[in-house]
2 protein chains.
Amino acid sequence: MARRDRVGITDVAAKAGVSVTTVSHVLSSRRPVSEATRAKVMAVIEELDYRPNELARSMRARRTNTVGLVVPDITNPFYTSAARGLQDALAPAGYHCIVTSTDSDHQVEHEVIRQMLTRVDGVVISGGSRTADIQPVIDAGMPMVLLGTDEPGAGFDVVTNADFDAGVTAARYLVDRSYRRIGFITAQDADSVAQARLDGYRSVTESDPELVVEETNNLEGGTRGFARLMQLSEPPDAIICVNDVVAIGVMYGAQDARRAVPDEVAVVGFDDIEAASLVAPRLTTMATASREHGKAAGELLLRRIQDESREPQRVVFPAKLIERDSA
Amino acid sequence: MARRDRVGITDVAAKAGVSVTTVSHVLSSRRPVSEATRAKVMAVIEELDYRPNELARSMRARRTNTVGLVVPDITNPFYTSAARGLQDALAPAGYHCIVTSTDSDHQVEHEVIRQMLTRVDGVVISGGSRTADIQPVIDAGMPMVLLGTDEPGAGFDVVTNADFDAGVTAARYLVDRSYRRIGFITAQDADSVAQARLDGYRSVTESDPELVVEETNNLEGGTRGFARLMQLSEPPDAIICVNDVVAIGVMYGAQDARRAVPDEVAVVGFDDIEAASLVAPRLTTMATASREHGKAAGELLLRRIQDESREPQRVVFPAKLIERDSA
DNA sequence: TTGAAAGCGCTAACAG
DNA sequence: CTGTTAGCGCTTTCAA
């Protein structure tokens, strides 16, 4: 089955006995067309099943109605939700979205971004890209919003998560519920997100440095971290973990050690992954509004595309405490 | 910051003192260019940081190097992985991917697909779209591959999951391990995937109809289903669940009823969601090779774009048994 | 080995 | 109210 030759505006014009200009205008309503003509043209459009070629339109208008989304890995739930939120914002405006995963490879990222530049009206970039990687975007004067980064390099639209505050909220929640010694399990080579969460926690507890342990960023890390914390002369009665997987690991450690959660140790995680509500006891956690992040990024980007001289804006979403059974 | 006017091929030609034709040819190597000229042109390209406008290229070549992916919801892990696999296949070929979630709204789907038609070289459609919705794609002679559908409507490239076989494998695994009475919890208003899994199970057990119960497709459904199954005069010693969430629900039911998993009741799920390896005991499940699905779809699509008269092909992936602790 | 010029399908001045 | 025409930035005959 060969691709059928698309019917063009010329075909419509010919068949309707009018000029292409007129056809163009019945489509765009950018200038009056007599009712008779309009009807005739519409009939022909219908009959020929004509659809304007968006490519040609884009070329003329220098507007592609498409934006690019660059993420480390679309498979990461945070980015998945964000992508969905982005589409939520884009769809009503008739915008499409090209998604690319870079696996955090700067080379790939750089290349991908350059490739996109001529095909999109703007880009959403996430995953703490280095300034060097986004330089081409800046040079091209391409509308851009940074997602989930803490890049201080102001001058751009940014939407990000209040990770420090999330750390504060988690710690305070525990304090308010009379937990006295609160431990924290963080990840080895913590990224800025993990660091901010830890800093937030530190800001509310008079932290005994012993209470903060570094572990691998997985289930086993959590279990090990729990064991280490419990060996302290004064073990904690509550543990905050840098993310839910680690937190679940902690709960298994507790289970193995016959420590009741939350009665003997409370556990709080971050992210609200699906498993958080599926484990027993269900995990109390700080949820990131990832879909909202994406949506906000989309709205910001759309506004910037419309008005490139707008003042750069910074949107920060608070994490939301999801009270469940583990604390 | 106004969008800087992109430097075009004309600018390069002018600055290099050659014709645009020549510039075009040093880029495409579609005809010989003297080494001196080529060097000069390359130098100017470098200096001006010139990048050809892909839009204009696409328009001439009638090839956009972009494909569309239409899914019900990119947030569903199956589609997320598939999207990633699709990109895996596409990236080496220099193809990009426009992703759209339709929420299974036929209206949206129809509209989205029509919109895409002039912007992409092919589409991957998933989520059991009705024939009516994909009619525009067919009419346009647009290369297409159906993902995860069982649409018998042959004539298209299809990549799908061997759900029936997965049901068989799960049941047989249990039989081989000497479980005698195997129950199955399916979902109310089961879709074709659920139905195929159930059918596969039925084909290996001499099924006592009592052993198959319908429940809501969630954690509670699993727990309830477990309770119902245990009330049987001859309760099962193993339970297969239509998906992992239901299976986890079953495990909680078992826990509440003080039935040891897998010693008293074995549990097997489908999908291998993240939580499957995070719950205790870890859930044995039939994993769908979703990323491979997407990759295969991409390869099929690229081949069809190259050769539209190729014989339609059907790629079926077997589910993979992930042995863990629950069975 | 190189150029001039004709479009790809559409929109928007600029005329009637 | 409608039509003619000049491009958008590129590739590709056709001609030298």
Side-chain angles (χ1 to χ4, degrees), chain A residues 3-42 44-45 48-66 94 114-115 117-121 140, chain B residues 3-42 44-45 48-66 94 114-115 117-121 140:
Chain A
R3 175 139 16 153
R4 200 179 68 188
D5 268 346
R6 293 262 321 155
V7 4
I9 198 172
T10 324
D11 305 304
V12 176
K15 186 140 192 173
V18 300
S19 74
V20 294
T21 306
T22 299
V23 175
S24 175
H25 284 109
V26 350
L27 254 25
S28 68
S29 309
R30 292 179 73 69
R31 91 179 185 190
V33 176
S34 82
E35 195 39 58
T37 314
R38 139 168 281 111
K40 176 64 182 158
V41 169
M42 287 308 268
V44 174
I45 285 178
L48 263 37
D49 191 34
Y50 164 73
R51 293 247 94 185
N53 182 322
E54 294 297 336
L55 229 52
R57 279 190 162 171
S58 296
M59 182 153 164
R60 266 247 30 159
R62 284 127 160 281
R63 215 181 75 291
T64 61
N65 279 308
T66 304
R114 296 205 59 162
Q115 285 221 2
L117 253 29
T118 58
R119 318 183 72 88
V120 299
D121 296 340
Chain B
R3 176 140 16 155
R4 201 179 66 188
D5 268 346
R6 293 256 327 151
V7 6
I9 198 172
T10 323
D11 305 304
V12 176
K15 186 140 192 171
V18 299
S19 73
V20 294
T21 308
T22 299
V23 176
S24 174
H25 284 109
V26 350
L27 253 26
S28 68
S29 309
R30 292 179 73 70
R31 89 179 185 191
V33 176
S34 82
E35 194 39 58
T37 314
R38 138 167 283 111
K40 176 64 181 158
V41 170
M42 287 309 268
V44 174
I45 285 178
L48 264 37
D49 191 34
Y50 165 72
R51 293 246 94 185
N53 182 322
E54 294 296 335
L55 229 52
R57 278 190 163 172
S58 296
M59 180 152 164
R60 268 238 39 152
R62 283 126 164 278
R63 215 182 76 289
T64 61
N65 279 308
T66 304
R114 296 205 59 163
Q115 285 222 2
L117 253 28
T118 57
R119 315 181 75 80
V120 299
D121 296 340

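A note on names: the letters A, B, ... follow the listed sequences, proteins ahead of strands, and every chain is numbered from 1.
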Quiz prompt | Any donor-acceptor pair under 3.5 Å from A:Thr118 side chain to B:Glu54 backbone | solution = yes
Quiz item: Could you state the CG-P distance from A:Leu55 to D:dT11, rounded to the nearest angstrom?
Solution: 14 Å
Practice problem: Kindly indicate whether the side chain of A:Arg31 and the base of D:dT2 share any N or O donor-acceptor pair separated by less than 3.5 Å? | Solution: yes
Practice problem: Please report, rounded to the nearest Å, how far the C1' atom of D:dT2 is from the NZ atom of A:Lys40. | Solution: 17 Å
Quiz item: Backbone N or O of A:Val18 within a donor-acceptor pair of the A:Thr22 side chain at under 3.5 Å?
Solution: no
Quiz prompt | Nucleic acid footprint by protein, nucleotides 5-11 of chain C - heavy-atom cut-off 4.0 Å, B for base, S for sugar-phosphate alone | solution = BBBBBBB
Practice problem: Respond yes when some side-chain nitrogen or oxygen of B:Ser58 is under 4.0 Å from OP1 or OP2 of D:dC10, and no when none is. | Solution: no
Exercise. Please confirm whether any donor atom in the side chain of A:Arg119 sits under 3.5 Å from an acceptor in the base of D:dG9, or the reverse.
Key: no
Quiz item: Please give, in whole Å, the distance from C:dA12 C1' to A:Arg63 CZ?
Solution: 14 Å
Quiz item: Taking NZ, NE, NH1 and NH2 as the nitrogens, is one of them in B:Asp49 or A:Arg114 under 4.0 Å from a carboxylate oxygen of the other?
Solution: yes
Quiz item: Does a donor on one side chain sit under 3.5 Å from an acceptor on the other, for A:Thr64 and A:Asp121?
Solution: yes
Quiz prompt | Under-4.0 Å side-chain N/O to phosphate OP1/OP2 contact, A:Thr22 with D:dG3 | solution = yes
Quiz item: Can you check whether A:Thr37 has a side-chain N or O nearer than 4.0 Å to OP1 or OP2 of D:dT2?
Solution: yes
